[in-house]
Amino acid sequence: MQLKKIAAVGLAIVAPFSLSGCLLLPGEFNSEMTVMADGQFAFSYKGQIQLVGLANLLNDTLDAEGANAEFVPACYGALPEPEMSEAEKKKDKKRQQAEAKAAADAATVEVALAEIAPENKGTAASITSQDSVEPDYSEEAAAEAAEAAAEAVTEESEWTERDCTPAEIEQQKKDWDEQQAKSKKEKEQAKKMFAAMLGGIDPSNPKTIDRFTKEVERLAAWNKVEHLGNGLFMIDYSTKGRLADDFAFPVIPRYALGNPMIHVTRWDNGRVRIEAPTFHNDTDVSLMSLMGAGSMIPGMGSKKSIEPVEVKGTFTIRTNAKVLANNTDEGPIDEGAVQVLRWDIGPKTFGPPMALLQMAK
């Protein structure tokens with residue numbers, strides 16, 4: 001079933017995102033976090049978020065598949081036998097009956113002759129055994145070669161393209177129209193399925209984008225939410241408080257958007273681990289690389305131009321806690337009473353930002 005094929009393609013695309021939690025990605029941004037040893041923190045993110053790049057890819061792929069298809073009849077082999085009239089069918093039936101009766105009469109005569117002169121069998125056998133003649137293998141080989149050549153010509157003619165008859169064109173066009181209608185219905189069902197995977201957000205439907213934008217704007221800390229088109233949002237987010245437990249950004253109720261872009265985990269031994277799994281351009285989570293891989297999947301590949309924004313920006317952590325581990329290029333830099341960890345996110349970023357801090361007990 002075509003819908004199963006579409007679903008399989010969709011799952012093939014979704015799988016890498018599900019494993020890495022990247023149903024949303026940053027674009028160009030600047031993000032800062034301050035974490036003090038006593039648990040006080042502040043976090044801000046200003047820039048772009050690519051929220052529905054996956055849905056765009058899926059929808060554009062579905063729209064592109066067969067979008068420029070045109071009906072072209074194709075016929076091969078011998079022309080079909082013309083439809084016989086009723087009179088011709090009766091005449092042909094009588095001919096077949098006459099041939100069958102003649103064959104039966106001949107067989108009856110042959111059996112009767114064998115019963116009348118059984119000695120002929122022995123005589124014939126004796127003659128054959130005594131006066132055997134060496135068979136003419138050259139004639140036999142020629143006959144076999146002629147038969148093989150005839151079969152090859154017949155087989156080749158079955159795959160030789162020819163002009164279609166009006167009746168054949170009419171039937172093929174009918175079948176093609178039915179398949180196109182079925183395919184369109186299945187694609188619409190697939191779009192709904194993929195939209196449901198993103199909490200009902202459909203990038204081709206402005207109403208769902210407007211509803212999502214308004215719901216996010218009502219949340220505290222979201223100072224600005226502006227849709228730039230094609231699932232790309234410009235946002236201004238800032239919050240502060242105490243790290244009593246974990247913190248994650250962004251978390252949007254009622255929308256299944258994968259793992260957060262920033263995750264802060266507080267352990268019971270006083271340590272805090274800060275991770276930003278999408279703040280880099282490694283191939284395992286890059287939407288750009290996924291699009292390249294998608295073109296290698298059978299049936300995939302869109303003629304439309306899908307150009308996601310490159311993940312590019314800065315992420316800075318300021319803290320007066322002890323820095324136990326980090327993967328910055330320069331390490332912690334003293335800045336007055338705090339230490340600063342800074343990551344410049346771009347094509348050469350090696351791995352997502354990570355820092356492990358020891359809080360005051």
Side-chain angles (χ1 to χ4, degrees), residues 17 19-50 219-224 235-253 257-286 310-361:
F17 278 90
L19 292 173
S20 59
C22 297
L23 286 178
L24 68 161
L25 294 172
E28 296 184 8
F29 70 97
N30 288 294
S31 181
E32 296 186 1
M33 173 170 275
T34 300
V35 179
M36 306 306 289
D38 61 359
Q40 296 293 326
F41 87 102
F43 173 77
S44 66
Y45 181 99
K46 296 182 180 181
Q48 300 168 332
I49 287 182
Q50 303 174 77
L219 300 175
W222 294 81
N223 304 313
K224 176 183 177 182
I235 72 166
D236 181 347
Y237 177 96
S238 61
T239 188
K240 60 183 179 179
R242 172 176 287 275
L243 280 175
D245 297 301
D246 295 353
F247 169 77
F249 168 82
V251 176
I252 304 173
L257 299 171
N259 292 337
M261 292 160 50
I262 293 282
H263 197 274
V264 182
T265 306
R266 184 158 189 173
W267 298 346
D268 58 8
N269 59 2
R271 295 181 177 183
V272 168
R273 184 179 179 88
I274 304 171
E275 296 176 288
T278 64
F279 284 11
H280 69 132
N281 282 288
D282 287 3
T283 56
D284 58 337
V285 297
S286 171
E310 181 183 7
V311 178
K312 182 179 180 181
T314 61
F315 179 47
T316 305
I317 296 177
R318 292 181 171 84
T319 183
N320 64 352
K322 183 178 181 180
V323 179
L324 300 177
N326 73 94
N327 63 347
T328 61
D329 291 335
E330 304 296 334
I333 299 174
D334 292 332
E335 191 177 282
V338 299
Q339 291 183 306
V340 178
L341 300 171
R342 180 186 174 91
W343 292 264
D344 290 317
I345 313 301
K348 297 182 179 180
T349 304
F350 180 75
M354 183 281 299
L356 182 64
L357 310 179
Q358 177 65 59
M359 310 295 284
K361 297 183 179 178

Under the 3.5 angstrom rule, does the side chain of [X] hit a backbone N or O of [Y] as a donor-acceptor pair?
{"X": "His263", "Y": "Pro260", "answer": "no"}
{"X": "Glu275", "Y": "Met354", "answer": "no"}
{"X": "Asn326", "Y": "Leu356", "answer": "no"}
{"X": "Glu28", "Y": "Lys312", "answer": "no"}
{"X": "Ser31", "Y": "Ser44", "answer": "yes"}
{"X": "Asp236", "Y": "Asn223", "answer": "no"}

Checklist entry - Testing Ile333, Val323, Leu341 for side chain to side chain contact (heavy atoms under 4.5 Å, CB included) with Thr328, which one passes? => result Leu341

Next on the checklist: Working to the nearest 0.5 angstrom, can you tell me the gap between Arg273 CZ and Arg271 CZ?
Outcome noted: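 Going from CZ on Arg273 over to CZ on Arg271, the span is 11.0 Å.
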
Checklist entry - Going from CE on Met261 to OG1 on Thr278, what distance comes out if it is rounded to the nearest 0.5 angstrom? => result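 Nearest 0.5 Å value for the CE-OG1 distance: 4.5 Å.
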
Next on the checklist: Which label fits Tyr45 and Phe29: parallel for a plane angle under 30°, tilted from 30 to 60°, or perpendicular past 60°?
Outcome noted: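 Rings of Tyr45 and Phe29: parallel, as their planes differ by under 30°.
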
Next on the checklist: Test side-chain contact (heavy atoms from CB on, under 4.5 Å) on Ile345 and Val311; report intermediate values, then the result.
Outcome noted: CA-CA 7 Å; Ile345 313 301; Val311 178; 3.9 Å; yes

Next on the checklist: Quick one, Lys240 with Phe43, criterion side-chain contact (heavy atoms from CB on, under 4.5 Å). Give me CA distance, side-chain angles, the key distance, then yes/no.
Outcome noted: CA-CA 6 Å; Lys240 60 183 179 179; Phe43 173 77; over 6 Å; no

Checklist entry - What are the two closest heavy atoms between Gly270 and Gln358, and how far apart are they? => result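 Nearest pair, atom of Gly270 first, then Gln358: O-NE2, 3.5 Å.
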
Next on the checklist: For a 4.5 angstrom cut-off between non-hydrogen side-chain atoms, does Ile317 reach Val340?
Outcome noted: no

Checklist entry - Side chains of Val338 and Thr319: does their closest heavy-atom pair fall under 4.5 Å? => result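 When only atoms from C-beta onward are counted, Thr319 and Val338 do not touch, as no gap falls below 4.5 Å.
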
Checklist entry - Hey, are Thr314 and Asp344 close enough side-chain-wise for a donor-acceptor pair under 3.5 Å? => result no

Next on the checklist: Run the side-chain contact (heavy atoms from CB on, under 4.5 Å) test on Lys224 and Ile235 for me, step by step, so that the C-alpha distance in whole Å, both residues' side-chain angles and the decisive distance to 0.1 Å come before the verdict.
Outcome noted: CA-CA 5 Å; Lys224 176 183 177 182; Ile235 72 166; 6.0 Å; no

Item to check | Evaluation steps, side-chain contact (heavy atoms from CB on, under 4.5 Å), between Phe41 and Val272 | outcome: CA-CA 12 Å; Phe41 87 102; Val272 168; over 6 Å; no

Checklist entry - Between Arg342 and Glu330, does at least one N-O distance fall below 4.0 Å, as a salt bridge requires? => result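 Glu330 and Arg342: not salt-bridged.
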
Show me, pair by pair, the donor-acceptor contacts under 3.5 angstrom made by side chains of residues 241-253, not counting sequence neighbours?
{"unit_1": "Arg242", "atom_1": "NH1", "unit_2": "Asp38", "atom_2": "O", "d": "2.5"}
{"unit_1": "Asp246", "atom_1": "OD1", "unit_2": "Arg266", "atom_2": "N", "d": "3.1"}

